[in-house]
J.: 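Sharing a structure here in structure tokens format.
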Amino acid sequence: MITVSLRPTYSIWLLADNLLVDDNAYVHHYKMRDEQGQTLTLHGGIWLLELKKFNATQVETEDQRWLKFFKDGERLNDEALPDWMITQEMKQAMSTLSTFSEKDQQYYQYQARQEYLREQRTIQSELEQANKREEEAKRREEAANKREALALQEKKASENREALALAEIERLKALLAHKE
């Protein structure tokens, strides 16, 4: 028999607006249960954090510390953290936030450059396609002109053959009339 050790798996939902309007609690922890109410595992679940409901000015619990961080983190100065942030986890969270912020700026610069290059490639492609369409139109016009010139030559050749045939008929009529 193989035993599998499940690792805890949590989903954290940070909500800017209220989902549960009839409940004043700002932290909700849901566990996985079946229809009969039997818990699948004690490890894991969904943490629902409604930031709009959280208005505590004094941080007293770890949940409040994280809620305040999620709500006010971008306004904090990582060089001068408030007392409620002086924990190893919060310092690490601020460091990660600062790194992401710097990376965000680099990312947006990179994205702007990529967008510019995409626009330039699109413009170049459209110009090339317009040139190809123009060249194709010129080729079609030249081919039409050649067909028209050939048709005129064929018409003239046909008229010449007809004139020669009529002249031959007149010559033969004259020979017949001369023999009679």
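Computed from a prediction, not measured in an experiment: that's the story for all the values here.
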J.: Quick check: are there more than 12 heavy atoms from other residues, nucleotides or ligands sitting under 6.0 Å from CH2 of Trp13?
T.: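 Result for CH2/Trp13: open.
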
J.: Of all the heavy-atom pairs spanning Ile86 and Lys91, show the shortest one and how long it is.
T.: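 Nearest pair, atom of Ile86 first, then Lys91: CG2-CE, 4.2 Å.
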
J.: Are Leu15 and Leu49 side-chain neighbours, meaning at least one heavy-atom pair lies under 4.5 Å?
T.: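 Heavy-atom side-chain distance check fails, nothing below 4.5 Å.
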
J.: Can you tell me how far apart CD (Gln114) and CD (Glu119) are? Round to the nearest 0.5 Å.
T.: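 The distance works out to 11.5 Å.
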
J.: If we ignore angles and hydrogens, is there a donor and acceptor under 3.5 Å between the side chains of Gln124 and Glu128?
T.: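 Yes, a side-chain donor-acceptor pair sits under 3.5 Å.
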
J.: Would Glu136 and Arg139 pass as an ion pair if we require N to O under 4.0 Å?
T.: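 Salt bridge present between Glu136 and Arg139.
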
J.: Take a 6.0 Å sphere around CD of Glu115 and say whether it holds more than 12 heavy atoms from other residues, nucleotides or ligands.
T.: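 Yes.
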
J.: So, taking the atom named CD in Gln129 and the one named CG in Leu127, what distance separates them when rounded to the nearest 0.5 Å?
T.: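 Interatomic distance, Gln129 CD to Leu127 CG, rounded to 0.5 Å: 9.5 Å.
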
J.: Describe, in one word, how the ring planes of Trp66 and Phe69 are oriented to each other, choosing from parallel (under 30°), tilted (30 to 60°) and perpendicular (over 60°).
T.: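 The rings of Trp66 and Phe69 stand perpendicular, inter-plane angle above 60°.
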
J.: Is the backbone of Gly45 close enough, under 3.5 Å, to the side chain of Lys31 for a donor and an acceptor to pair up by distance?
T.: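 Checked: no pair found.
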
J.: Counting only heavy atoms not in Gln58 (residues, nucleotides, ligands), do more than 12 fall under 6.0 Å from its CD?
T.: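 At most 12 heavy atoms, drawn from other residues, nucleotides or ligands, come within 6.0 Å of this atom.
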
J.: Go through the steps to decide whether Tyr30 and Leu48 satisfy the test side chain to side chain contact (heavy atoms under 4.5 Å, CB included), and finish with yes or no.
T.: CA-CA 8 Å; Tyr30 296 96; Leu48 184 78; 4.2 Å; yes

J.: Pair His28, Ile46 - check side chain to side chain contact (heavy atoms under 4.5 Å, CB included), show working.
T.: CA-CA 8 Å; His28 308 276; Ile46 298 173; over 6 Å; no

J.: Show the nearest heavy-atom pair for residues Lys71 and Asn55, with the distance to one decimal.
T.: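 Reported closest heavy-atom pair: NZ-OD1, 3.3 Å.
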
J.: Can you hop from Phe54 to Val27 via hydrophobic side chains spaced under 4.5 Å?
T.: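 In one cluster: yes.
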
J.: Closest heavy-atom contact between Gly44 and His29?
T.: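 Shortest heavy-atom contact: O-NE2, 4.0 Å.
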
J.: Please report the interatomic distance CZ(Phe70) to CG(Leu14), rounded to the nearest 0.5 Å.
T.: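 Going from the CZ atom of Phe70 to the CG atom of Leu14 covers 5.0 Å.
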
J.: Would you say Leu175 ends up clustered with Leu164 if hydrophobic residues are merged whenever their side chains have heavy atoms under 4.5 Å apart, either directly or through other cluster members?
T.: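 They do not share one cluster, since no chain of ILVMFWY contacts under 4.5 Å joins Leu164 to Leu175.
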
J.: What's the separation between atom NZ in Lys155 and atom CD in Glu148, rounded to the nearest 0.5 Å?
T.: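 One gets 11.0 Å once the value is rounded to the nearest 0.5 Å.
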
J.: For Glu141, is the CD atom crowded, meaning more than 12 foreign heavy atoms sit under 6.0 Å from it?
T.: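 Not buried by this count: 12 neighbours or fewer within 6.0 Å.
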
J.: So, the side chain of Thr122 versus the backbone of Arg118: is there a donor-acceptor pair under 3.5 Å, distance only?
T.: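 A pair under 3.5 Å: yes.
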
J.: Indicate yes or no for a side-chain donor-acceptor contact from Asn18 to the backbone of Val21 under 3.5 Å, with no hydrogens or angles considered.
T.: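 The answer is no, because no donor-acceptor pair under 3.5 Å joins these two groups.
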
J.: Has Glu162 got more than 12 heavy atoms of other residues, nucleotides or ligands less than 6.0 Å from its CD?
T.: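 No, the 6.0 Å shell around CD holds no more than 12 heavy atoms from other groups.
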
J.: Output, in order, the C-alpha distance, side-chain angles, deciding distance and verdict of salt bridge (charged side-chain N to carboxylate O under 4.0 Å, His left out) for Arg161 and Glu154.
T.: CA-CA 10 Å; Arg161 286 191 299 274; Glu154 184 59 38; 3.2 Å; yes

J.: Taking it one step at a time, do Gln38 and Arg33 satisfy side chain to side chain contact (heavy atoms under 4.5 Å, CB included)?
T.: CA-CA 5 Å; Gln38 186 176 352; Arg33 294 185 174 88; over 6 Å; no

J.: What is the minimum heavy-atom distance between Thr57 and Lys68, and which atoms define it?
T.: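 Minimum heavy-atom separation between Thr57 and Lys68: O-CE, 4.2 Å.
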
J.: Counting heavy atoms not belonging to Gln92, are there more than 12 under 6.0 Å from its CD?
T.: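 Not more than 12 within 6.0 Å, no.
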
J.: Under 6.0 Å from the OH atom of Tyr116, do we count more than 12 heavy atoms belonging to anything else shown?
T.: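 Count not over threshold, so no.
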
J.: Any chance you could measure Leu67, atom CG, to Tyr26, atom OH, to the nearest 0.5 Å?
T.: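 Result: 6.5 Å between the selected atoms.
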
J.: List the steps, then state whether side chain to side chain contact (heavy atoms under 4.5 Å, CB included) holds for Glu50 with Leu20.
T.: CA-CA 8 Å; Glu50 295 179 289; Leu20 306 172; 4.0 Å; yes

J.: Determine yes or no for a side-chain-to-main-chain donor-acceptor pair under 3.5 angstrom, with Lys52 supplying the side chain and Leu19 the backbone.
T.: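 Not at all, since once roles are kept as given, no pair shorter than 3.5 Å links the two residues.
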
J.: Please check this pair: side chain of Arg65 against backbone of Trp84, looking for a donor-acceptor N/O pair closer than 3.5 Å.
T.: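 At least one qualifying donor-acceptor pair exists.
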
J.: Leu166 and Leu176: same hydrophobic cluster, using ILVMFWY side-chain contacts below 4.5 Å?
T.: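 No.
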
J.: Can you tell me if Asn24 has over 12 outside heavy atoms packed within less than 6.0 Å of its CG?
T.: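 12 or below, so no.
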
J.: Could you please spell out the steps behind the salt bridge (charged side-chain N to carboxylate O under 4.0 Å, His left out) verdict for Lys138 and Glu134?
T.: CA-CA 6 Å; Lys138 283 181 184 178; Glu134 189 177 311; 3.8 Å; yes

J.: Any heavy-atom pair between the side chains of Ser125 and Arg121 that's under 4.5 Å?
T.: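 Counting from C-beta outward, Arg121 and Ser125 never come under 4.5 Å.
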
J.: With rounding to the nearest 0.5 angstrom, report the CD to CG distance, Gln153 to Asn160.
T.: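 These two atoms lie 11.5 Å from each other.
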
